[in-house]
Participant: 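First the structure, then my questions, so here it is.
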Amino acid sequence: MPAFPLLAVDIGNTSTVIGLADEHLDLTHTWRIRTNREHLPDDLAMRLHSLLALTGAPMPRAAVLSSVAPPLGQNYVLALRRHFAVEAFEVSATNLPDVQVELDVPDAVGADRLCNLFGAEKYLNTHEYAVVVDFGTSTNFDVIGRGRRFLGGVLATGAQVSADALFSRAAKLPRITLQAPGTAIGKNTTHALQSGLVFGYAEMVDGLLRRIRAELPGPAVAIATGGFSRTIEGICREIDHYDETLTLRGLVELWASR
(Lines give C-alpha, C1' and ligand atoms only; values in the text may rest on other atoms or scores of the structure.)
Protein backbone atom coordinates (compact mmCIF):
# COMPACT_ATOMS: atom_id res chain seq x y z
CA MET A 1 0.00 0.00 0.00
CA PRO A 2 1.43 3.45 -0.86
CA ALA A 3 2.54 5.53 2.10
CA PHE A 4 1.05 8.77 0.80
CA PRO A 5 -1.00 10.81 1.32
CA LEU A 6 0.18 10.91 4.94
CA LEU A 7 -2.25 12.10 7.61
CA ALA A 8 -0.62 14.00 10.50
CA VAL A 9 -2.67 14.64 13.64
CA ASP A 10 -1.44 16.87 16.49
CA ILE A 11 -3.88 16.59 19.41
CA GLY A 12 -3.60 19.41 21.93
CA ASN A 13 -5.61 20.20 25.02
CA THR A 14 -7.61 22.97 23.31
CA SER A 15 -7.34 22.32 19.58
CA THR A 16 -6.33 19.54 17.22
CA VAL A 17 -4.35 20.36 14.08
CA ILE A 18 -4.63 17.95 11.17
CA GLY A 19 -2.60 17.95 7.98
CA LEU A 20 -2.23 15.90 4.81
CA ALA A 21 1.26 15.56 3.31
CA ASP A 22 2.33 14.39 -0.13
CA GLU A 23 5.29 12.28 -1.19
CA HIS A 24 7.54 15.37 -1.01
CA LEU A 25 6.56 15.78 2.68
CA ASP A 26 4.80 19.04 1.84
CA LEU A 27 1.57 19.84 3.66
CA THR A 28 -1.13 20.10 0.99
CA HIS A 29 -4.08 20.54 3.40
CA THR A 30 -4.36 21.66 7.02
CA TRP A 31 -7.31 21.93 9.40
CA ARG A 32 -7.71 23.13 12.98
CA ILE A 33 -10.62 21.77 15.05
CA ARG A 34 -11.61 21.92 18.70
CA THR A 35 -10.35 19.05 20.89
CA ASN A 36 -13.18 17.09 22.46
CA ARG A 37 -12.03 14.34 24.83
CA GLU A 38 -15.49 12.72 24.73
CA HIS A 39 -15.31 11.82 21.05
CA LEU A 40 -15.24 8.07 20.39
CA PRO A 41 -13.49 6.40 17.42
CA ASP A 42 -16.61 6.50 15.23
CA ASP A 43 -17.11 10.22 16.00
CA LEU A 44 -13.52 10.92 15.00
CA ALA A 45 -13.79 8.86 11.81
CA MET A 46 -16.86 10.83 10.74
CA ARG A 47 -15.11 14.12 11.43
CA LEU A 48 -11.99 13.10 9.51
CA HIS A 49 -14.04 11.87 6.56
CA SER A 50 -16.05 15.11 6.52
CA LEU A 51 -12.91 17.28 6.53
CA LEU A 52 -11.36 15.31 3.68
CA ALA A 53 -14.58 15.34 1.64
CA LEU A 54 -15.15 19.04 2.28
CA THR A 55 -11.94 19.99 0.48
CA GLY A 56 -11.83 17.10 -1.99
CA ALA A 57 -8.67 15.73 -0.37
CA PRO A 58 -7.68 12.11 -1.01
CA MET A 59 -8.03 9.45 1.66
CA PRO A 60 -4.85 8.87 3.71
CA ARG A 61 -2.68 5.80 3.18
CA ALA A 62 -0.55 6.29 6.30
CA ALA A 63 -0.86 8.29 9.50
CA VAL A 64 1.24 9.71 12.33
CA LEU A 65 -0.11 11.36 15.44
CA SER A 66 0.91 12.99 18.69
CA SER A 67 -1.42 13.52 21.63
CA VAL A 68 -1.32 15.26 24.99
CA ALA A 69 -5.04 14.66 25.58
CA PRO A 70 -5.70 11.01 26.48
CA PRO A 71 -7.63 8.95 25.50
CA LEU A 72 -8.01 10.77 22.17
CA GLY A 73 -4.73 9.49 20.76
CA GLN A 74 -5.82 5.89 21.09
CA ASN A 75 -9.29 6.71 19.79
CA TYR A 76 -7.77 8.25 16.65
CA VAL A 77 -5.64 5.12 16.20
CA LEU A 78 -8.78 2.97 16.40
CA ALA A 79 -10.72 5.27 14.06
CA LEU A 80 -8.00 5.11 11.42
CA ARG A 81 -7.64 1.35 11.76
CA ARG A 82 -11.36 0.57 11.57
CA HIS A 83 -12.55 3.07 8.99
CA PHE A 84 -9.50 3.92 6.85
CA ALA A 85 -7.50 0.64 7.07
CA VAL A 86 -4.50 2.70 8.22
CA GLU A 87 -2.21 1.74 11.11
CA ALA A 88 -1.11 5.02 12.69
CA PHE A 89 2.29 5.64 14.26
CA GLU A 90 1.80 7.28 17.67
CA VAL A 91 4.74 9.42 18.81
CA SER A 92 6.38 8.87 22.20
CA ALA A 93 9.86 9.15 23.68
CA THR A 94 10.12 5.35 23.74
CA ASN A 95 9.79 4.80 19.98
CA LEU A 96 12.27 7.40 18.71
CA PRO A 97 15.70 5.79 19.15
CA ASP A 98 17.53 8.65 17.39
CA VAL A 99 16.31 11.22 19.92
CA GLN A 100 18.15 11.92 23.16
CA VAL A 101 15.77 13.15 25.84
CA GLU A 102 17.98 14.63 28.54
CA LEU A 103 15.37 14.86 31.29
CA ASP A 104 15.24 13.25 34.74
CA VAL A 105 12.34 11.10 33.46
CA PRO A 106 12.69 10.91 29.64
CA ASP A 107 9.30 9.25 29.13
CA ALA A 108 7.58 12.28 30.65
CA VAL A 109 8.24 14.55 27.67
CA GLY A 110 5.09 15.45 25.71
CA ALA A 111 4.73 14.06 22.21
CA ASP A 112 4.14 17.54 20.77
CA ARG A 113 7.51 18.68 22.14
CA LEU A 114 9.25 15.84 20.32
CA CYS A 115 7.52 16.97 17.12
CA ASN A 116 8.86 20.48 17.74
CA LEU A 117 12.36 19.03 17.94
CA PHE A 118 12.04 17.69 14.39
CA GLY A 119 10.30 20.82 13.13
CA ALA A 120 13.14 22.98 14.46
CA GLU A 121 15.93 21.05 12.75
CA LYS A 122 15.95 23.24 9.65
CA TYR A 123 16.73 26.28 11.86
CA LEU A 124 19.86 24.62 13.30
CA ASN A 125 21.94 25.17 10.15
CA THR A 126 24.04 27.91 11.74
CA HIS A 127 23.24 27.32 15.41
CA GLU A 128 24.08 24.61 17.89
CA TYR A 129 20.86 25.21 19.83
CA ALA A 130 17.25 26.18 19.21
CA VAL A 131 14.41 27.20 21.48
CA VAL A 132 10.87 26.58 20.26
CA VAL A 133 8.26 28.74 21.98
CA ASP A 134 4.97 26.90 21.46
CA PHE A 135 1.95 29.05 22.33
CA GLY A 136 -0.93 26.73 23.24
CA THR A 137 -3.04 26.06 26.32
CA SER A 138 0.31 26.28 28.07
CA THR A 139 3.32 28.06 26.60
CA ASN A 140 6.19 25.61 26.23
CA PHE A 141 9.82 26.59 25.74
CA ASP A 142 11.55 23.57 24.20
CA VAL A 143 15.35 23.69 24.30
CA ILE A 144 16.89 21.62 21.52
CA GLY A 145 20.49 20.76 20.70
CA ARG A 146 22.02 19.66 17.42
CA GLY A 147 21.92 15.89 17.01
CA ARG A 148 18.25 15.57 18.06
CA ARG A 149 18.87 16.35 21.71
CA PHE A 150 15.94 17.50 23.80
CA LEU A 151 17.67 19.36 26.62
CA GLY A 152 14.67 20.52 28.68
CA GLY A 153 12.57 23.61 28.82
CA VAL A 154 10.06 25.81 30.58
CA LEU A 155 6.30 25.42 31.02
CA ALA A 156 4.29 28.62 31.51
CA THR A 157 0.60 29.41 31.65
CA GLY A 158 -0.89 30.15 28.24
CA ALA A 159 -2.00 33.69 27.46
CA GLN A 160 -5.68 32.77 27.06
CA VAL A 161 -5.62 30.73 30.28
CA SER A 162 -4.17 33.74 32.12
CA ALA A 163 -6.87 35.97 30.66
CA ASP A 164 -9.67 33.53 31.56
CA ALA A 165 -8.38 33.27 35.15
CA LEU A 166 -8.35 37.06 35.47
CA PHE A 167 -11.88 37.45 34.08
CA SER A 168 -13.26 34.70 36.33
CA ARG A 169 -11.81 36.30 39.48
CA ALA A 170 -12.74 39.90 38.68
CA ALA A 171 -16.43 40.08 37.83
CA LYS A 172 -16.36 43.72 36.67
CA LEU A 173 -13.59 43.21 34.10
CA PRO A 174 -14.90 42.76 30.54
CA ARG A 175 -13.82 39.85 28.38
CA ILE A 176 -11.64 41.22 25.61
CA THR A 177 -9.95 40.16 22.41
CA LEU A 178 -6.28 39.39 22.96
CA GLN A 179 -4.67 41.83 20.56
CA ALA A 180 -1.92 44.40 20.96
CA PRO A 181 -3.11 47.96 21.69
CA GLY A 182 -1.49 51.02 20.12
CA THR A 183 0.34 52.05 23.30
CA ALA A 184 1.37 50.49 26.58
CA ILE A 185 -0.38 53.13 28.71
CA GLY A 186 -4.08 52.30 28.68
CA LYS A 187 -6.73 55.02 28.41
CA ASN A 188 -9.66 52.70 29.22
CA THR A 189 -10.22 49.29 30.80
CA THR A 190 -10.08 47.32 27.55
CA HIS A 191 -6.91 49.10 26.44
CA ALA A 192 -5.27 48.55 29.84
CA LEU A 193 -6.17 44.85 29.86
CA GLN A 194 -4.83 44.34 26.35
CA SER A 195 -1.59 46.05 27.32
CA GLY A 196 -1.11 43.90 30.39
CA LEU A 197 -2.13 40.63 28.77
CA VAL A 198 -0.32 41.05 25.44
CA PHE A 199 2.66 43.35 26.15
CA GLY A 200 3.10 41.82 29.60
CA TYR A 201 3.05 38.33 28.15
CA ALA A 202 5.54 39.29 25.44
CA GLU A 203 7.92 40.64 28.10
CA MET A 204 7.64 37.36 30.01
CA VAL A 205 8.55 35.45 26.84
CA ASP A 206 11.50 37.73 26.10
CA GLY A 207 12.73 37.49 29.68
CA LEU A 208 12.62 33.70 29.75
CA LEU A 209 14.38 33.49 26.39
CA ARG A 210 17.18 35.71 27.71
CA ARG A 211 17.56 33.47 30.78
CA ILE A 212 17.59 30.30 28.66
CA ARG A 213 20.18 31.72 26.27
CA ALA A 214 22.36 32.79 29.19
CA GLU A 215 22.47 29.18 30.44
CA LEU A 216 23.43 27.64 27.08
CA PRO A 217 27.10 27.31 26.09
CA GLY A 218 26.44 28.66 22.58
CA PRO A 219 24.04 30.91 20.62
CA ALA A 220 20.45 29.70 20.21
CA VAL A 221 17.88 30.54 17.54
CA ALA A 222 14.33 31.10 18.84
CA ILE A 223 11.25 30.05 16.86
CA ALA A 224 7.64 30.77 17.80
CA THR A 225 4.70 28.56 16.85
CA GLY A 226 1.11 28.01 17.96
CA GLY A 227 -2.00 30.14 17.69
CA PHE A 228 -0.99 33.04 19.95
CA SER A 229 2.31 33.49 18.08
CA ARG A 230 0.42 35.53 15.47
CA THR A 231 -0.62 38.00 18.18
CA ILE A 232 2.85 38.63 19.55
CA GLU A 233 4.63 38.60 16.17
CA GLY A 234 6.74 41.71 15.94
CA ILE A 235 6.33 42.45 19.67
CA CYS A 236 8.74 39.92 21.17
CA ARG A 237 12.31 41.09 20.60
CA GLU A 238 13.99 37.75 21.35
CA ILE A 239 12.16 35.61 18.76
CA ASP A 240 13.94 35.13 15.43
CA HIS A 241 11.35 33.22 13.37
CA TYR A 242 7.59 32.61 13.36
CA ASP A 243 6.50 29.24 11.99
CA GLU A 244 2.81 28.42 12.44
CA THR A 245 3.12 24.89 11.00
CA LEU A 246 6.32 23.90 12.84
CA THR A 247 4.74 21.21 15.03
CA LEU A 248 2.71 19.64 12.22
CA ARG A 249 5.65 19.74 9.80
CA GLY A 250 7.83 18.23 12.54
CA LEU A 251 5.31 15.41 12.89
CA VAL A 252 5.62 14.65 9.16
CA GLU A 253 9.42 14.80 9.23
CA LEU A 254 9.53 12.64 12.36
CA TRP A 255 7.48 9.97 10.57
CA ALA A 256 9.76 10.11 7.51
CA SER A 257 12.93 9.80 9.59
CA ARG A 258 12.04 6.44 11.17
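This one's a predicted model, so the numbers in the text were calculated from it and none came from an experiment. We count residues from 1, following the sequence as given.
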Participant: Closest heavy-atom contact between Asn75 and Leu40?
Facilitator: ND2-CA, 4.2 Å

Participant: Could you check whether any side-chain heavy atom of Phe4 comes within less than 4.5 Å of a side-chain heavy atom of Asp22, counting everything from C-beta outward?
Facilitator: no

Participant: Looking only at heavy atoms, what is the nearest atom pair of Val143 and Gly153, with distance?
Facilitator: CG2-CA, 4.1 Å

Participant: Could you state the interatomic distance from CG (Leu27) to CG (Leu248), rounded to the nearest 0.5 Å?
Facilitator: 5.0 Å

Participant: By salt bridge (charged side-chain N to carboxylate O under 4.0 Å, His left out), which residues pair with Glu87, not counting sequence neighbours?
Facilitator: Arg81

Participant: Going by the rule side-chain hydrogen bond (donor to acceptor under 3.5 Å, both in side chains), which residues pair with Arg82 if we only count those two or more places apart in sequence or in a different chain?
Facilitator: none

Participant: After noting the C-alpha distance and the side-chain angles of Thr126 and Val221, does the key distance pass the side-chain contact (heavy atoms from CB on, under 4.5 Å) rule?
Facilitator: CA-CA 9 Å; Thr126 57; Val221 60; over 6 Å; no

Participant: For the residue pair Thr16 / Thr35, report whether a side-chain donor-acceptor contact shorter than 3.5 Å exists.
Facilitator: yes

Participant: Please round to the nearest 0.5 Å and tell me the distance separating atom CD of Glu121 and atom CG of Leu246.
Facilitator: 10.5 Å

Participant: Using side chain to side chain contact (heavy atoms under 4.5 Å, CB included) as the criterion, list what pairs up with Glu244, not counting sequence neighbours.
Facilitator: Arg230

Participant: Checking Thr183 side chain against Ile185 main chain: does a donor-acceptor pair fall under 3.5 Å?
Facilitator: yes

Participant: If we only count heavy atoms from C-beta on, is the Phe135 to Ile232 side-chain gap below 4.5 Å?
Facilitator: yes

Participant: Could you pull out all donor-acceptor pairs under 3.5 Å where a side-chain atom in residues 251-258 meets a protein atom, sequence neighbours excluded?
Facilitator:
unit_1, atom_1, unit_2, atom_2, d
Glu253, OE2, Arg249, NH1, 3.4
Ser257, OG, Leu254, O, 2.8
Arg258, NE, Trp255, O, 3.1

Participant: Does a side chain donor of either Asn116 or Thr247 reach within less than 3.5 Å of an acceptor in the other side chain?
Facilitator: yes

Participant: Sorted by first residue and then second, give each side chain to side chain donor-acceptor pair (under 3.5 Å) pair with at least one member in residues 40-58; sequence neighbours left out.
Facilitator: Asp42-His83

Participant: Quick one: do Leu117 and Val154 end up in the same hydrophobic cluster if we chain Ile, Leu, Val, Met, Phe, Trp and Tyr together by side-chain heavy atoms under 4.5 Å apart?
Facilitator: no

Participant: Could you walk me through whether Met59 and Phe84 pass the side-chain contact (heavy atoms from CB on, under 4.5 Å) test, one step at a time?
Facilitator: CA-CA 8 Å; Met59 293 294 116; Phe84 295 87; 3.6 Å; yes

Participant: Please report the interatomic distance CG(Leu7) to CZ(Arg61), rounded to the nearest 0.5 Å.
Facilitator: 12.5 Å

Participant: Is there side-chain contact between Leu166 and Leu173, with at least one heavy-atom pair below 4.5 Å?
Facilitator: yes

Participant: Excluding sequence neighbours, so at least two apart, what forms side chain to side chain contact (heavy atoms under 4.5 Å, CB included) with Arg169?
Facilitator: none

Participant: Could you tell me if the side chain of Asn13 sits less than 4.5 Å from the side chain of Ser138, heavy atoms only?
Facilitator: no

Participant: Under the ring-ring contact (aromatic ring centres under 6.0 Å, His included) test, which residues partner His241, sequence neighbours left out?
Facilitator: Tyr123

Participant: Between Pro41 and Ala79, what is the shortest heavy-atom contact and its length?
Facilitator: O-CB, 3.2 Å

Participant: Show me the donor-acceptor pairs, under 3.5 Å and distance only, between side chains in residues 104-113 and residues at least two apart or in other chains.
Facilitator:
unit_1, atom_1, unit_2, atom_2, d
Arg113, NE, Asp142, OD1, 2.4
Arg113, NH2, Phe141, O, 3.3
Arg113, NH2, Asp142, OD1, 2.9

Participant: What is the minimum heavy-atom distance between Ala88 and Leu80, and which atoms define it?
Facilitator: CB-CD1, 3.9 Å

Participant: Rounded to the nearest 0.5 Å, what's the gap from CG on Asp134 to CD1 on Ile223? Could you check?
Facilitator: 11.0 Å

Participant: For Arg175, what residues pass the salt bridge (charged side-chain N to carboxylate O under 4.0 Å, His left out) criterion, not counting sequence neighbours?
Facilitator: Asp164

Participant: Can you give the donor-acceptor pairs under 3.5 Å from side chains of residues 196-211 to other protein atoms, not counting sequence neighbours?
Facilitator:
unit_1, atom_1, unit_2, atom_2, d
Tyr201, OH, Thr139, OG1, 2.5
Tyr201, OH, Thr157, O, 2.4
Glu203, OE2, Arg237, NH1, 3.3
Asp206, OD1, Arg237, N, 3.1
Asp206, OD1, Glu238, N, 3.0
Asp206, OD2, Arg237, N, 3.0

Participant: State which residues pass side chain to side chain contact (heavy atoms under 4.5 Å, CB included) with Pro174; sequence neighbours excluded, sorted by chain then number.
Facilitator: Ile176, Thr189, Thr190, Leu193

Participant: Given 3.5 Å as the limit, does a donor-acceptor pair link the side chain of Arg37 with the main chain of Pro71, or not?
Facilitator: no

Participant: Could you grab the distance from atom CD1 of Ile144 to atom NE2 of His127, nearest 0.5 Å is fine?
Facilitator: 13.5 Å

Participant: Return the minimal non-hydrogen interatomic distance between His39 and Leu72, and the atom names on each side.
Facilitator: O-CD2, 3.8 Å

Participant: Are Val77 and Ile33 linked, directly or through other ILVMFWY residues, by side chains that come within less than 4.5 angstrom of each other?
Facilitator: yes

Participant: How close do Ser229 and Ala224 get, heavy atom to heavy atom, and via which atoms?
Facilitator: CB-CB, 4.0 Å

Participant: Going by distance alone, is a donor N or O of one side chain under 3.5 Å from an acceptor N or O of the other, for Asp10 and Ser66?
Facilitator: yes

Participant: Is it the case that one hydrophobic cluster holds both Phe150 and Tyr129, taking links as side-chain heavy atoms less than 4.5 Å apart, direct or via other members?
Facilitator: no

Participant: Is there a continuous path of hydrophobic side-chain contacts, each under 4.5 Å between heavy atoms, that joins Tyr242 to Ile212?
Facilitator: yes

Participant: Sub-3.5 Å donor-acceptor pair from the side chain of Arg146 to the main-chain atoms of Leu124, do we have one?
Facilitator: yes

Participant: Can you confirm whether Asp243 sits close enough to Val132 that some side-chain heavy atom of one is under 4.5 Å from a side-chain heavy atom of the other?
Facilitator: no

Participant: Might you confirm whether atom CD of Glu38 has over 12 heavy atoms from other residues, nucleotides or ligands at distances under 6.0 Å?
Facilitator: no

Participant: List the steps, then state whether side-chain contact (heavy atoms from CB on, under 4.5 Å) holds for Leu114 with Leu96.
Facilitator: CA-CA 9 Å; Leu114 296 171; Leu96 297 174; 3.9 Å; yes

Participant: Could you tell me which residues satisfy ring-ring contact (aromatic ring centres under 6.0 Å, His included) with His29, sequence neighbours excluded, listed by chain and number?
Facilitator: Trp31

Participant: May I ask whether Val9 and Val68 are part of the same hydrophobic cluster, defined by side-chain heavy atoms of I, L, V, M, F, W, Y residues being less than 4.5 angstrom apart, directly or through others?
Facilitator: no

